Amino acid sequence: MRDRTPTRSSHGPPSLASSAALRSDVHPGRPQETHVLDLKFIRQNPDLVKAGAAKKRMTCDVDRILDLDERKRALGQRVDEMRSVQKGAGKAIAQAAAEERPALAEAQKTLKADLKGAEEEQKSIDEELHGLLLLVPNVPADEVPDGADDGDNVELRKVGEPTSFDFEPKSHLELGEQHDWLDIERGARLAGSRNYVLKGELSLLEGAVMRFALDLMVSKGFTPLSVPTLVRTETMVGTGYFPGGEDQAYRCDERDELCLVGTAEVPITALHQDEILDGASLPRKFVALSSCYRREAGTYGKDTKGLYRVHQFQKVEQVILDVADDANSLAQHHAILGNAEELLQALELPYRVVNVCGGDLGQPQIQKFDIETWMPSRGSYGETHSASRFHDFQARRLNLRYRGADGKVRHCHTLNNTVAASTRMLIALLENHQQADGSVHVPEPLRPYLGGRESLGN
RNA sequence: GGAGAGGUGGCAGAGCGGCUGAAUGCGCCACAUUGCUAAUGUGGUGUCCGGGUAACUGGACCGCGAGUUCGAAUCUCGCCCUCUCCGCCA
């Protein structure tokens with residue numbers, strides 16, 4: 001018996017999706033069992049898991065899981081015993097005189113057949129159990145407010161006031177047109193709807209924001225990374241996006257079992273999968289700039305205008321891998337939230353922070369804070385950042401562990417937050433910093449990245 | 001894409017059908033010893049599942065999966081990955 005860290009954990013997304021397609025055959029190089037979750041926790045706290053799912057407005061068949069678990073363990077004992085007998089007999093045969101061997105070997109055959117039958121039963125139980133476990137939602141933290149959808153998210157604070165203008169403000173689309181900064185039509189011609197081309201100063205501004213965000217995080221001790229954005233299906237499962245999020249990801253065809261990531265969170269968090277890190281090396285803080293790809297399936301007719309909802313954008317993402325300590329993780333959660341707030345304040349943008357309610361939470365997170373930045377053309381705050389805390393959910397799936405000072409091996413805790421997502425930052429910058437003549441004020445920290453320019457479009 | 005080689009414990013590296021969960025070295029831990037450091041000696045040192053309060057104990061794991069066999073790290077097949085050479089290419 002080992003480590004019984006009394007922590008929660010779990011797995012899997014809400015929609016049933018194609019979990020069949022995600023089975024062992026798609027997980028090369030790793031034993032199927034490893035990224036399955038903490039069955040022990042579910043066994044010991046079934047009601048907590050059920051209540052957690054209910055809070056997230058999700059369903060999961062805990063009773064079926066417990067039933068399978070019990071059968072699995074009983075069967076496991078039987079199989080272990082049979083194998084023990086088989087091993088003993090095998091050794092006896094090895095030592096027996098040559099002429100006695102055929103008879104002894106013959107006697108082993110029935111045991112072998114029984115064993116095989118039991119193993120097959122074991123396998124089918126494992127498969128069903130594994131599939132169900134992948135779908136168990138992580139138990140939300142106590143700090144998560146109750147609620148059904150984003151309308152029930154709780155505002156924690158508002159920083160700055162919605163920008164007021166003494167002229168009729170333009171939308172980022174209008175500004176883009178005025179300065180020939182944005183070509184939506186040709187973007188669509190090149191790549192379909194929800195695609196765009198940034199031109200001239202706007203393209204430079206994008207680069208400036210991304211670089212500023214990256215430098216800000218590096219100055220805070222985060223290690224910059226350049227990571228693959230095309231990853232294995234396995235990596236998507238490990239980070240909790242699959243099963244359930246298949247429709248949101250672009251996938252390569254059968255020649256390459258790869259997916260385009262929707263965020264650098266995926267490759268960064270999975271960087272140390274299957275490793276046992278030295279606890280003294282934690283926390284590991286990473287930041288990466290990457291392209292992000294989102295299919296936006298099921299959003300037809302929603303946010304169809306402009307840069308708000310697009311298929312591809314650039315994003316600087318921060319990720320922390322840390323020890324399994326709830327209080328510490330909560331503190332880190334607030335820290336990464338603070339990092340993003342610092343960026344918004346430096347860019348002189350008004351925003352608010354909300355504590356996402358249970359019903360608006362995904363299956364992997366135990367808590368999420370969203371930052372919404374004021375967007376004049378929407379007349380409201382629009383989501384620009386999302387800070388998530390996962391407990392050991394992702395680490396379990398990724399088999400990401402560390403050895404603590406006490407010598408014990410535990411799963412890490414993982415957290416991540418946006419630092420800056422290009423398109424939504426551009427909307428906020430353009431619209432909040434526009435002047436009466438259509439020029440755009442450049443916040444001080446961005447100027448070094450724009451050759452010292454104090455404003456664009458003039 | 002073509003041709004070879006290979007994937008074994010934290011690392012290096014043996015093993016090539018039973019006595020191997022795995023030699024040996026390094027690293028690490030403990031104890032001993034030397035006036036500190038270094039050196040030396042002895043012992044220990046993987047992960048996962050299950051049973052037991054515990055000491056302890058059954059089983060699995062030598063890239064992954066399937067197969068042959070009474071028995072596989074060792075043989076066969078499929079897959080993944082790495083390295084070298086050639087070709088192609090930003």
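Naming: A, B, ... by sequence-line order, numbering from 1 per chain. On a predicted model such as this, the values are computed, not experimentally measured, just so you know.
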(request) Output yes when K123(A) and D126(A) qualify as a salt bridge under the 4.0 Å nitrogen-oxygen rule, no when they do not. (result) no
(message) Any heavy-atom pair between the side chains of T423(A) and Y196(A) that's under 4.5 Å?
(response) yes
(message) Using the side-chain heavy atoms of K123(A), tell me which of these nucleotides is nearest: A66(B), G18(B), U47(B).
(response) A66(B)
(request) Could you give the distance separating G21(B) and G59(B) at their C1' atoms, to the nearest angstrom? (result) 13 Å
(request) Could you work out the separation of A73(B) and C62(B) based on their P atoms and round it to a whole Å? (result) 6 Å
(request) Write down the distance between CD (E275(A)) and C1' (C11(B)), rounded to a whole number of angstrom. (result) 14 Å
(request) Just compare G71(B), G67(B), G50(B) and give me whichever is closest to any side-chain atom of R73(A). (result) G50(B)
(request) Determine the contact category for I93(A): base if any of its heavy atoms lies under 4.0 Å from a base atom, sugar-phosphate if only primed atoms, P, OP1 or OP2 are that close, otherwise nothing. (result) base
(request) Let me know the distance between CD of E70(A) and C1' of C49(B), rounded to the nearest Å. (result) 16 Å
(request) Flag yes if more than 12 heavy atoms outside R78(A) fall under 6.0 Å of its CZ atom; otherwise flag no. (result) no
(request) Using atom CG of D114(A) as one end and atom P of C70(B) as the other, report the distance to the nearest whole Å. (result) 15 Å
(request) Please determine, for the side chain of R43(A), which listed nucleotide (G50(B), C70(B), G59(B)) has the closest atom? (result) G50(B)
(message) So, does Q86(A) get its side chain near the phosphate of G71(B), meaning an N or O under 4.0 Å from OP1 or OP2?
(response) yes
(message) Work out how far the P atom of U47(B) is from that of G35(B), and round it to whole angstrom.
(response) 38 Å
(message) Would you say N416(A) and E317(A) are linked by a side-chain donor-acceptor pair, where the criterion is simply a distance under 3.5 Å?
(response) yes
(request) Looking at every strand, decide which applies to E106(A) at a 4.0 Å heavy-atom threshold: base, sugar-phosphate, or nothing. (result) nothing
(request) Whole angstrom is fine here: how far is it from CG in D69(A) over to C1' in G50(B)? (result) 11 Å
(request) Return the value, rounded to whole Å, for the distance between atom NZ of K72(A) and atom C1' of A60(B). (result) 11 Å
(request) In whole angstrom, give me the gap between the P atoms of G13(B) and U84(B). (result) 15 Å
(request) Go through the side-chain N and O atoms of T263(A) and K315(A) and say whether any donor and acceptor fall under 3.5 Å apart. (result) yes
(message) I need the CD-P distance between E119(A) and G65(B), as an integer number of Å.
(response) 13 Å
(message) Distance check, C1' atoms only: G41(B) and U33(B), in whole angstrom units.
(response) 8 Å
(message) Tell me whether the side-chain N or O atoms of D80(A) pair up with the base of G58(B) as donor and acceptor below 3.5 Å, since no angle test is needed here.
(response) yes
(message) For L230(A), run the side chain to side chain contact (heavy atoms under 4.5 Å, CB included) check against T235(A), L260(A), V261(A) and tell me which one passes.
(response) L260(A)
(request) Using the P atoms only, state how far C79(B) lies from A22(B), rounded to an integer number of Å. (result) 34 Å
(message) Using the side-chain heavy atoms of Q108(A), tell me which of these nucleotides is nearest: G67(B), G50(B), C70(B).
(response) C70(B)
(message) Say we look at U8(B) and A72(B): how far apart would their C1' atoms be, to the nearest angstrom?
(response) 14 Å
(message) Against F222(A), only a single residue in I320(A), V319(A), V419(A) fulfils side chain to side chain contact (heavy atoms under 4.5 Å, CB included); can you say which?
(response) I320(A)
(request) Consider only side-chain N and O atoms of Y308(A) and H172(A), and report whether a donor and an acceptor are under 3.5 Å apart. (result) no
(request) Between A60(B), G71(B), C80(B), spot the one nearest the side chain of R232(A), thanks. (result) C80(B)
(request) Looking only at side-chain atoms of K112(A), point me to the closest of G18(B), G59(B), G71(B). (result) G71(B)
(request) Could you state the atom-to-atom distance from CE of M82(A) to P of G50(B) in whole Å? (result) 18 Å
(request) Would you mind classifying the nucleic acid contact of K91(A) as base, sugar-phosphate or nothing, using non-hydrogen atoms under 4.0 angstrom? (result) nothing
(request) Would you classify R71(A) as touching base, sugar-phosphate or nothing, given that sugar-phosphate means primed atoms plus P, OP1 and OP2, and contacts are heavy atoms under 4.0 Å? (result) nothing
(request) Treat a base pair as Watson-Crick or G-U wobble with both distances under 3.5 Å, then lay out RNA chain B in dot-bracket form, 5' to 3', with | for cross-strand pairs. (result) ((((((((.[[[..)..(.....]]]((((((.......))))))((((((....)))))).[[[[[..)....]]]]])))))))....
(request) Using the closest heavy atom to pick a nucleotide of RNA chain B for each, name whichever of I276(A) or E81(A) lands nearer the 5' end. (result) I276(A)
(message) Please classify the nucleic acid contact of R403(A) as base, sugar-phosphate, or nothing, using heavy-atom distances under 4.0 Å.
(response) sugar-phosphate
(request) Please state whether the phosphate of G58(B), meaning OP1 or OP2, lies under 4.0 angstrom from any side-chain nitrogen or oxygen of S84(A). (result) no
(message) At 4.0 Å (heavy atoms only), tell me whether R401(A) reaches a base, stays on the sugar-phosphate, or touches nothing.
(response) sugar-phosphate
(message) Centroid separation under 6.0 Å, is that true for the rings of H385(A) and F369(A)?
(response) no
(message) Between U82(B) and A39(B), how many Å separate the two C1' atoms, rounded to a whole number?
(response) 39 Å
(message) Expressed as a whole number of angstroms, how long is the span from E127(A):CD to A66(B):C1'?
(response) 14 Å
(request) Answer yes or no: is there an ion pair linking E128(A) with R64(A), defined by an N-O contact shorter than 4.0 Å? (result) yes
